[in-house]
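I have placed the structure first, in the form of structure tokens, so that the comments after it can refer back to it.
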Amino acid sequence: MDFIANRPIFPRNSYLIINGVKLDDHNNDGLKFDVDVKTGEEGKVGVGTFKIYNLSQDIEVGSEIELWFGYAEDVGYYSKYEVIKKKRIKESSSFIQELTCSERTKNSSKIVSISLDGNTRISEAIKEVTKEMGINLISMELNKDKIYTNGFTCYSQGFQELRELVQDSESKMTLKGDDLYIYTDKQKDQAIYLSFESGLIHNPEAVEQQEKEVKVNKKSDNKKEKSKKDDKWENEQKKKTIKESNKYDYTIECFPIHYIKKGDVVYIESDEVSGFMQVEEVSVSLSDSWNMKLGVKVMKDDGKHKDNSSKNSKNKKG
């Protein structure tokens, strides 16, 4: 078992690449900027907000921003974002460009047109779609590499096609800018080691199972008069409480580590909890203080989640 260890140190170092032009942070003779980014739910892209102080050039909607950060010389690429909305704010003596961004880039939004012959595997279809989109397939681990006996044909947005193909393979995906990672719940051959000596800030915090009150409405039948049975149903069943499955078991706070992404397996060693966990959600904040929060699921010995819900399979293209 190989562990990927991390030793965050100071000084902090970050920069942005905006439409190909590098912008250093204020610690490196550049400009002050704040970053808050978060991964999307399964099959969705992440979002982020960038606040850039006193930049003379206007950043237009549609611009692309790469985020790089780390410590001292250990600085790495995190992700790429497209600006979808901007605001210009005056705060004290500073002018701030506040940019709302999507982790989906121009390439991942492309329409793709592909036609493959019969007996095509999902993995082959995924490779063709990513090639047409112009994005990078960094890794691909599939639970089921099904065969489409009648071939594979599509003409639609590439991101949507990838999402359906990955779902059909009963796997998961993370798209970070133009980089695609496809993974399963079983990857424990490599893990990122997190302890208080290697980046962990607090003991993991358990997420309690949430109870949700749901209204249940009975449709009217063309305004027919209510029966006593209907009245009883309304009184007893108008609301019910259900327990929802959590997206994750623990929240973990650590120093920002540029190579941690959704789907990674981490090995947590703390005073209260130790073991393998899979990252389900990542949020990063780079401002006056730096922080990374992970939502993780505990993994069983077989590499699956303890609460491993069944996955739906759609073989519509087969």
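Throughout, residue positions are numbered sequentially from 1 according to the sequence presented.
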Between [X] and [Y], is there shared hydrophobic-cluster membership here, with clusters defined by ILVMFWY side-chain heavy atoms closer than 4.5 Å?
X	Y	result
Leu162	Tyr181	no
Leu31	Ile59	yes
Leu137	Ile122	yes
Phe255	Trp290	yes
Leu116	Val112	yes

Subject >> Candidate pair Tyr148 and Glu124, rule side chain to side chain contact (heavy atoms under 4.5 Å, CB included), full reasoning >> reply: CA-CA 10 Å; Tyr148 295 139; Glu124 296 170 330; over 6 Å; no

Subject >> Atom NZ of Lys106: over 12 foreign heavy atoms under 6.0 Å >> reply: yes

Under 3.5 Å, side chain of [X] to main-chain N/O of [Y], donor-acceptor pair present?
X	Y	answer
Gln97	Gln57	yes
Thr174	Lys262	yes
Lys261	Lys176	no
Tyr71	Pro256	yes
Asp249	Val298	yes
Ser79	Gly177	yes

**OP:** Go through the steps for Lys86 and Glu60 under the test side chain to side chain contact (heavy atoms under 4.5 Å, CB included), then give the verdict.
**Re:** CA-CA 8 Å; Lys86 71 169 186 175; Glu60 301 297 336; 3.5 Å; yes

Would you name the heavy atoms of [X] and [Y] that are closest together and state the gap between them?
X	Y	answer
Asn203	Asp271	OD1-N, 3.0 Å
Ile182	Ser171	CG2-CB, 4.2 Å
Glu269	Ser274	CA-OG, 3.7 Å
Arg88	Asp58	NH1-OD1, 3.2 Å
Glu272	Pro204	OE1-O, 4.4 Å
Ile84	Ser102	CG2-CB, 4.1 Å

Original post:
Is there a side chain to side chain contact (heavy atoms under 4.5 Å, CB included) between Met133 and Ser108 once you walk through the steps?
Top reply: CA-CA 6 Å; Met133 293 170 68; Ser108 56; 4.0 Å; yes

Could you measure the distance from the [atom1] atom of [X] to the [atom2] atom of [Y]? Nearest 0.5 Å is fine.
X	Y	atom1	atom2	value
Ile111	Gln160	CD1	CD	10.5 Å
Asn54	Ser93	CG	OG	7.0 Å
Ile135	Lys110	CD1	NZ	10.0 Å
Glu281	Lys38	CD	NZ	4.0 Å
Leu286	Met292	CG	CE	8.5 Å
Cys101	Lys80	SG	NZ	13.0 Å

Below 4.5 Å, heavy atoms only, C-beta onward: do [X] and [Y] meet side chain to side chain?
X	Y	value
Asp29	Asp24	no
Tyr15	Asn28	no
Leu200	Ser270	yes
Tyr267	Val265	no
Thr105	Glu64	yes
Val207	Thr251	yes
Val129	Phe152	yes
Asp178	Glu66	no

**OP:** Tell me, with the steps shown, if Ile126 and Leu142 meet side chain to side chain contact (heavy atoms under 4.5 Å, CB included).
**Re:** CA-CA 11 Å; Ile126 288 173; Leu142 305 179; 4.3 Å; yes

Original post:
Quick check, are the ring centers of Phe50 and Phe33 under 6.0 angstrom apart?
Top reply: no

Original post:
Step by step, would you call Asp36 with Thr49 a side-chain hydrogen bond (donor to acceptor under 3.5 Å, both in side chains)?
Top reply: CA-CA 5 Å; Asp36 280 290; Thr49 301; over 6 Å; no

**OP:** Apply salt bridge (Lys or Arg N to Asp or Glu O under 4.0 Å) to the pair Glu205 and Lys293, showing each step before the final yes or no.
**Re:** CA-CA 11 Å; Glu205 183 177 342; Lys293 290 185 178 179; over 6 Å; no

Original post:
Between His258 and Phe69, what is the ring plane arrangement, given parallel below 30°, perpendicular above 60°, and tilted in between?
Top reply: perpendicular

If we ignore angles and hydrogens, is there a donor and acceptor under 3.5 Å between the side chains of [X] and [Y]?
X	Y	value
Tyr183	Asp264	no
Ser195	Glu197	yes
Asn143	Thr184	no
Glu161	Ser156	yes

Subject >> Evaluation steps, salt bridge (Lys or Arg N to Asp or Glu O under 4.0 Å), between Lys247 and Glu280 >> reply: CA-CA 7 Å; Lys247 291 187 293 184; Glu280 296 291 312; over 6 Å; no

Original post:
Which one of Ile52, Ile65, Asp25, Leu67 satisfies the side-chain contact (heavy atoms from CB on, under 4.5 Å) criterion with Val35?
Top reply: Leu67

Subject >> Lys90 to Phe95 six-membered ring, cation-pi geometry met (6.0 Å, 45°) >> reply: yes

